[in-house]
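Structure record follows, encoded as structure tokens.
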Amino acid sequence: MPTFQITGLPAEPFAHLATLDADALARRGICRVTADSLPGYPCRISLADAEPGAELLLLTWAHHEVNSPYRAAGPVYVRVGAQPRSLAPGEVPDSVRSRLVSVRAYDAQHMMVEAEVVDGTMAAATLAQLFERPDVQYAHVHYARRGCFACEARRVP
């Protein structure tokens, strides 16, 4: 029985940004980009790499907005018009499986209690192993080479 479920970012916080022009985006520190390779532009909402020609926004996202020394924000791509993807418990998206990833496990006080760097093909096994620990409440997966937040995994009740 799977012990974790991965989720992407919600679409709502980003929807209004697609209507802004380049100057308005720049004032917010956001860049509009067009995917020119596959893979290369992993959308954090759909949990899939954008197809070449797709429009994305590159922006800073507070992915770990908690009262802890591990509070964190960093760059993420969100594809314009992307819809959240619903993954089955234990499922890991291709955008994670195809990259070197860092998996960081946190307890109820939002303190990091374990971390591993693994080939993405090992992400499911690594997450399952981490969630065997009773103190692990959730985990963040980051793309190890650039350090960007990829997705979150929560314990399946």
Side-chain angles (χ1 to χ4, degrees), residues 2-20 22-33 40-50 55-97 99-118 120 123-124 126-157:
T3 57
F4 67 90
Q5 186 166 23
I6 289 177
T7 58
L9 300 179
E12 297 79 28
F14 309 103
H16 73 284
L17 297 173
T19 65
L20 300 178
D23 289 337
L25 289 173
R27 286 192 296 276
R28 292 169 172 81
I30 301 170
C31 300
R32 189 180 308 269
V33 298
Y41 298 84
C43 174
R44 298 342 189 268
I45 297 171
S46 66
L47 299 176
D49 279 282
E55 183 181 351
L56 300 102
L57 300 175
L58 177 59
L59 61 125
T60 301
W61 178 254
H63 60 271
H64 203 217
E65 201 162 8
V66 295
N67 187 17
S68 158
Y70 292 100
R71 177 190 309 244
V76 296
Y77 285 111
V78 294
R79 187 175 48 80
V80 172
Q83 293 301 309
R85 182 169 165 201
S86 179
L87 296 174
E91 183 180 358
V92 176
D94 288 341
S95 60
V96 169
R97 284 197 318 258
R99 292 174 168 87
L100 184 67
V101 294
S102 166
V103 182
R104 304 167 186 180
Y106 297 90
D107 66 13
Q109 289 73 46
H110 311 292
M111 297 297 290
M112 190 182 304
V113 295
E114 189 64 65
E116 297 287 340
V117 175
V118 298
T126 301
L127 285 164
Q129 182 179 29
L130 290 171
F131 279 107
E132 287 177 6
R133 292 179 53 156
D135 60 333
V136 172
Q137 296 297 305
Y138 62 97
H140 284 176
V141 178
H142 291 249
Y143 298 122
R145 287 193 171 86
R146 298 207 181 218
C148 305
F149 173 79
C151 56
E152 180 174 278
R154 290 274 173 179
R155 182 179 297 281
V156 173

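If you're wondering where the values come from, they're calculated on a predicted model, not measured in any experiment. Values below: all heavy atoms of this structure, side chains included; hydrogens, waters and symmetry mates excluded.
- Taken to the nearest 0.5 Å, the CG atom of L56 stands 6.5 Å off from the SG atom of C43.
- Contact detail for V80 and A18: the closest heavy-atom pair is CG1-CB, 3.6 Å.
- Y70 has its ring centre no less than 6.0 Å from the ring centre of H110.
- Salt-bridge check for E55 with R79: failed, with every basic side-chain N at 4.0 Å or more from each acidic carboxylate O.
- Proximity of a side-chain donor or acceptor of Q129 to a complementary backbone N or O of T126 within less than 3.5 Å is not detected.
- Between R99 and G40 the shortest heavy-atom distance is NH2-N, 3.5 Å.
- Salt bridge annotation for E65-R71: absent, with no cationic side-chain nitrogen under 4.0 angstrom from a carboxylate oxygen.
- Ring planes of F14 and W61: tilted class, angle from 30 to 60°.
- M112 places none of its side-chain heavy atoms less than 4.5 Å from the side chain of P69.
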Candidate pair Y106 and M111, rule side chain to side chain contact (heavy atoms under 4.5 Å, CB included), full reasoning: CA-CA 5 Å; Y106 297 90; M111 297 297 290; 5.9 Å; no
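- When side chains are defined from C-beta on, Q83 does not count as touching S46, because their heavy atoms never get closer than 4.5 Å.
- Among all heavy-atom pairs drawn from L25 and L17, the shortest one is CD2-O, 3.6 Å.
- Inter-residue side-chain proximity for V136 and D107 is flagged as unmet; no heavy-atom pair is nearer than 4.5 Å.
- A donor-acceptor pair under 3.5 Å is formed between the side chain of S95 and the backbone N or O of L47.
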Pair Y77, R44 - check side chain to side chain contact (heavy atoms under 4.5 Å, CB included), show working. CA-CA 6 Å; Y77 285 111; R44 298 342 189 268; 3.7 Å; yes
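- Taking the side chain as every heavy atom from C-beta outward, V96 and C151 approach each other to under 4.5 Å.
- Interatomic distance, D135 CG to Q109 CD, rounded to the nearest 0.5 Å: 9.5 Å.
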Let me see the working for Y143 and V101 under side chain to side chain contact (heavy atoms under 4.5 Å, CB included), right down to the final yes or no. CA-CA 5 Å; Y143 298 122; V101 294; 4.3 Å; yes
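- Closest heavy-atom contact between A105 and L130: CB-CD1, 4.1 Å.
- Contact check for H63 versus H142: side-chain heavy atoms found under the 4.5 Å cut-off.
- Residues E152 and Y138 form a side-chain contact, since some pair of their non-hydrogen atoms from C-beta on lies under 4.5 Å apart.
- The side-chain tip of R155 does not point at the ring of F131 from less than 6.0 angstrom away and within 45° of straight on.
- The side chain to side chain contact (heavy atoms under 4.5 Å, CB included) test with L87 singles out one residue from T7, V92, I6, and that residue is I6.
- In this structure, CZ in R32 is found 12.5 Å from CG in L58, a value given to the nearest 0.5 Å.
- When side chains are defined from C-beta on, R154 does not count as touching F4, because their heavy atoms never get closer than 4.5 Å.
- A distance of 12.0 Å separates CD of Q5 from CG of L127, quoted to the nearest 0.5 Å.
- Here the side chains of V113 and R133 are in contact, with some heavy-atom distance below 4.5 Å.
- The CD1 atom of I30 sits 7.0 Å away from the CG atom of L20 when rounded to the nearest 0.5 Å.
- Of all the heavy atoms in P93 and R85, the pair that sits closest is CB-NH1, 3.6 Å.
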